[in-house]
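Shown next, in structure tokens, is the structure this report addresses.
Residue numbers begin at 1 in each chain, while the letters A, B, ... track the order of the sequences.
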Protein chains: 2
Amino acid sequence: MKSDFREVREELRQRILQGVWAPGDLVPNEVDLAAEFGCARATVNRAMRELAEAGLIERKRKAGTRVRLSPRRAARFDIPIVREEIEARGAAYRYALISRDEIAPPDWLAARMALAPGDLVLHLTCLHHADGQPYQHEERWISLAALPQARDGDFTATGPNEWLVREVPFSDAEISFSAIAADDQLARRMGCATGDALFLVERATWWEGRAITFVRLAHQRGHRMTTRY
Amino acid sequence: MKSDFREVREELRQRILQGVWAPGDLVPNEVDLAAEFGCARATVNRAMRELAEAGLIERKRKAGTRVRLSPRRAARFDIPIVREEIEARGAAYRYALISRDEIAPPDWLAARMALAPGDLVLHLTCLHHADGQPYQHEERWISLAALPQARDGDFTATGPNEWLVREVPFSDAEISFSAIAADDQLARRMGCATGDALFLVERATWWEGRAITFVRLAHQRGHRMTTRY
DNA sequence: AAGTGGTCTAGACCACATT
DNA sequence: ATGTGGTCTAGACCACTTA
């Protein structure tokens with residue numbers, strides 16, 4: 001009757017999914033379950049901790065553990081580095097810098113990155129190709145207040161992403177996915193028609209409360225981001 | 001010098017982010033770190049397990065623990081129930097069934113859901129409104145081989161999602177995000193222009209290796225899915 | 001006040017990958 | 001063969017929340 005924590009976890013998961021314990025129900029406490037499974041309380045604790053993290057149950061001291069009314073469904077996406085993503089498909093990766101300038105941030109960007117008045121940003125646009133075809137269009141802004149050394153960065157051979165990974169850590173990021181229509185410029189660069197639907201990833205990155213960089217990544221038509229859970 | 005696992009975890013995280021241990025470096029083993037932090041090995045283990053799960057380090061028995069060359073970046077998205085998503089915005093939710101029929105699955109669907117030849121599917125289309133405006137267009141296929149009781153389901157008042165949540169568990173799901181252009185029909189239903197870029201979520205759901213349902217959720221123009229990590 | 005989960009400990013054994 | 005992480009155990013104490 002000895003069980004390891006995976007067996008306990010899966011057995012508990014089954015009971016929840018098959019309705020032995022219905023949504024809202026109180027689940028037996030750790031001591032009782034440990035006795036039932038013939039294992040230590042720590043083992044049950046680990047199993048239940050993972051189920052809680054997966055959103056199946058809710059735990060409160062003294063109040064006990066309950067099956068969530070509607071299981072929270074969360075999916076985890078790996079955010080790929082574009083070079084690795086392309087090479088993983090067996091395609092040849094090529095990078096090109098399109099433009100580079102130092103500008104005062106537009107209002108929306110200053111707001112989004114919480115920049116102080118007068119802060120400048122380095123504005124870069126580049127293209128990532130797979131087997132010679134445009135794959136991803138990157139438009140990036142880097143806070144020169146937070147990262148003055150970006151002025152000396154060479155972004156002609158490798159993308160700002162790889163430079164940033166080497167240069168700075170980040171502690172916090174906000175990412176969002178959406179769909180946009182390609183404007184004329186983007187269509188020309190991506191080799192698609194104006195108005196084509198493109199998959200857009202935006203990411204803002206912070207280090208100790210300070211905005212580092214904001215990037216908009218527009219992907220080729222038909223691009224999908226997939227995960228299992 | 002006693003430390004709890006959070007303190008250990010954060011101290012190790014700092015050392016990695018600040019380059020004390022550079023990417024590729026070997027990190028001291030658990031016994032040594034436990035001695036350094038004045039805690040039990042299990043405490044170090046928990047701290048490092050969480051860092052590994054966060055993608056900062058890689059662990060192998062005998063080989064030890066190394067700082068990842070480029071930290072894996074993963075983001076977690078909550079997959080909302082559309083009714084809750086709309087109500088959370090303080091908007092009124094309304095649901096409407098557009099069509100319902102029983103069909104032989106198109107080839108792409110049979111392949112995607114691994115259906116047997118001859119299997120039929122229930123095909124539903126519906127609209128979810130927020131404050132009277134089209135918010136999400138749902139096109140759903142339910143395997144009648146796996147879920148014959150779907151024939152008797154009433155989807156006129158509540159969406160198939162809520163029916164499925166009550167009726168069947170799932171063990172496994174694949175979700176993908178992309179961008180599509182609205183065709184004439186979709187544009188008419190969503191109240192947008194033909195060709196507008198829409199954010200699309202597709203999800204296939206399985207139970208014990210058997211395909212249950214596949215759904216395509218097209219969202220209103222400008223919809224974003226956001227998370228922090 | 002009391003019951004529950006959260007965590008730590010010290011020790012043990014095992015599984016695995018490298019040597 | 002050996003060193004490392006992976007896990008379990010039995011017991012303990014603490015923290016939080018409800019009654």
Side-chain angles (χ1 to χ4, degrees), chain A residues 1-16 20-69 71-72 74 76, chain B residues 1-16 20-69 71-72 74 76:
Chain A
M1 197 45 198
K2 285 289 182 63
S3 311
D4 71 15
F5 83 92
R6 290 160 206 285
E7 290 169 329
V8 176
R9 167 167 40 80
E10 293 315 308
E11 172 60 26
L12 298 179
R13 193 198 297 280
Q14 289 311 313
R15 292 190 190 173
I16 292 164
V20 178
W21 296 322
D25 279 4
L26 201 56
V27 170
N29 69 32
E30 295 187 348
V31 175
D32 291 349
L33 287 172
E36 177 193 340
F37 286 104
C39 64
R41 181 166 79 96
T43 303
V44 173
N45 181 273
R46 169 120 189 233
M48 296 188 85
R49 181 151 39 83
E50 295 197 356
L51 292 175
E53 200 182 335
L56 254 67
I57 57 179
E58 260 176 336
R59 321 196 71 196
K60 270 194 282 201
R61 287 157 146 138
K62 168 69 179 179
T65 298
R66 289 183 182 278
V67 178
R68 288 189 80 119
L69 292 163
R72 192 169 48 92
R76 220 178 120 115
Chain B
M1 197 46 197
K2 285 289 182 66
S3 311
D4 71 15
F5 83 93
R6 291 159 205 284
E7 290 170 331
V8 175
R9 174 180 17 96
E10 292 315 307
E11 172 60 24
L12 298 179
R13 192 199 298 280
Q14 288 311 312
R15 292 190 192 173
I16 291 164
V20 178
W21 297 322
D25 278 5
L26 201 57
V27 170
N29 69 32
E30 295 187 347
V31 175
D32 292 349
L33 287 171
E36 178 193 342
F37 286 105
C39 65
R41 181 167 79 98
T43 302
V44 174
N45 180 272
R46 167 123 191 228
M48 296 188 85
R49 181 152 38 82
E50 296 198 356
L51 292 175
E53 200 183 335
L56 254 69
I57 56 180
E58 257 175 336
R59 320 196 71 197
K60 271 194 281 205
R61 287 157 145 131
K62 167 69 179 178
T65 298
R66 288 181 183 281
V67 179
R68 287 189 76 114
L69 293 163
R72 200 186 78 232
R76 215 180 124 116

Does a side-chain N or O of [X] approach OP1 or OP2 of [N] to a distance below 4.0 Å, or not?
X: A:Thr65; N: C:dG5; result: yes
X: B:Arg59; N: D:dT4; result: no
X: A:Thr43; N: D:dT7; result: no

Review point. Hey, which of A:Val20, A:Val27, A:Leu56, A:Leu51 is the one that makes side-chain contact (heavy atoms from CB on, under 4.5 Å) with A:Val67?
Key: A:Val27

Roughly, in whole Å, what's the span from [atom1] in [X] to [atom2] in [N]?
X: B:Met48; N: D:dG6; atom1: CE; atom2: P; answer: 9 Å
X: A:Asp4; N: D:dC8; atom1: CG; atom2: P; answer: 5 Å
X: B:Phe37; N: C:dT7; atom1: CZ; atom2: P; answer: 18 Å
X: B:Asn45; N: C:dT7; atom1: CG; atom2: P; answer: 14 Å
X: B:Lys62; N: C:dC14; atom1: NZ; atom2: C1'; answer: 16 Å
X: B:Arg41; N: C:dC14; atom1: CZ; atom2: C1'; answer: 11 Å
X: A:Arg46; N: C:dG6; atom1: CZ; atom2: C1'; answer: 15 Å
X: B:Ile57; N: D:dG6; atom1: CD1; atom2: C1'; answer: 14 Å

Taking the side chain of [X] as its heavy atoms from C-beta onward, which of [options] lies nearest to it?
X: B:Cys39; options: C:dT9, D:dG6, C:dG5; answer: C:dT9
X: B:Arg61; options: D:dG5, C:dT9, C:dG3; answer: D:dG5
X: B:Phe5; options: C:dC8, C:dT9, D:dT7; answer: C:dC8

Review point. Can you tell me if CD on A:Glu53 sees more than 12 non-hydrogen neighbours from other groups inside 6.0 Å?
Key: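 No, because the 6.0 Å sphere around CD of A:Glu53 holds 12 heavy atoms or fewer from other groups.
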
Practice item. Using a 4.5 Å cut-off on heavy atoms from C-beta on, say whether the side chain of B:Pro28 contacts that of B:Trp21. Key: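 Yes, side chains in contact.
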
Check your understanding: Toward the 5' end of DNA chain D, which comes first, A:Ala40 or B:Lys60, by nearest nucleotide?
Key ->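 Mapping each residue to its closest nucleotide by heavy atoms, the 5'-most match is B:Lys60.
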
Exercise for review: Measure across B:Arg49 and B:Arg59 and return the closest heavy-atom pair with its distance rounded to 0.1 Å.
Suggested key: N-NH1, 4.2 Å

Review point. Are B:Arg66 and B:Glu58 ion-paired here, with the side-chain N under 4.0 Å from a carboxylate O?
Key: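 No, this pair does not count.
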
Point to revise | 5'-most by nearest nucleotide on DNA chain C - A:Ala42 or A:Pro28 | key: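 With A:Ala42 and A:Pro28 compared, the 5'-side residue is A:Pro28.
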
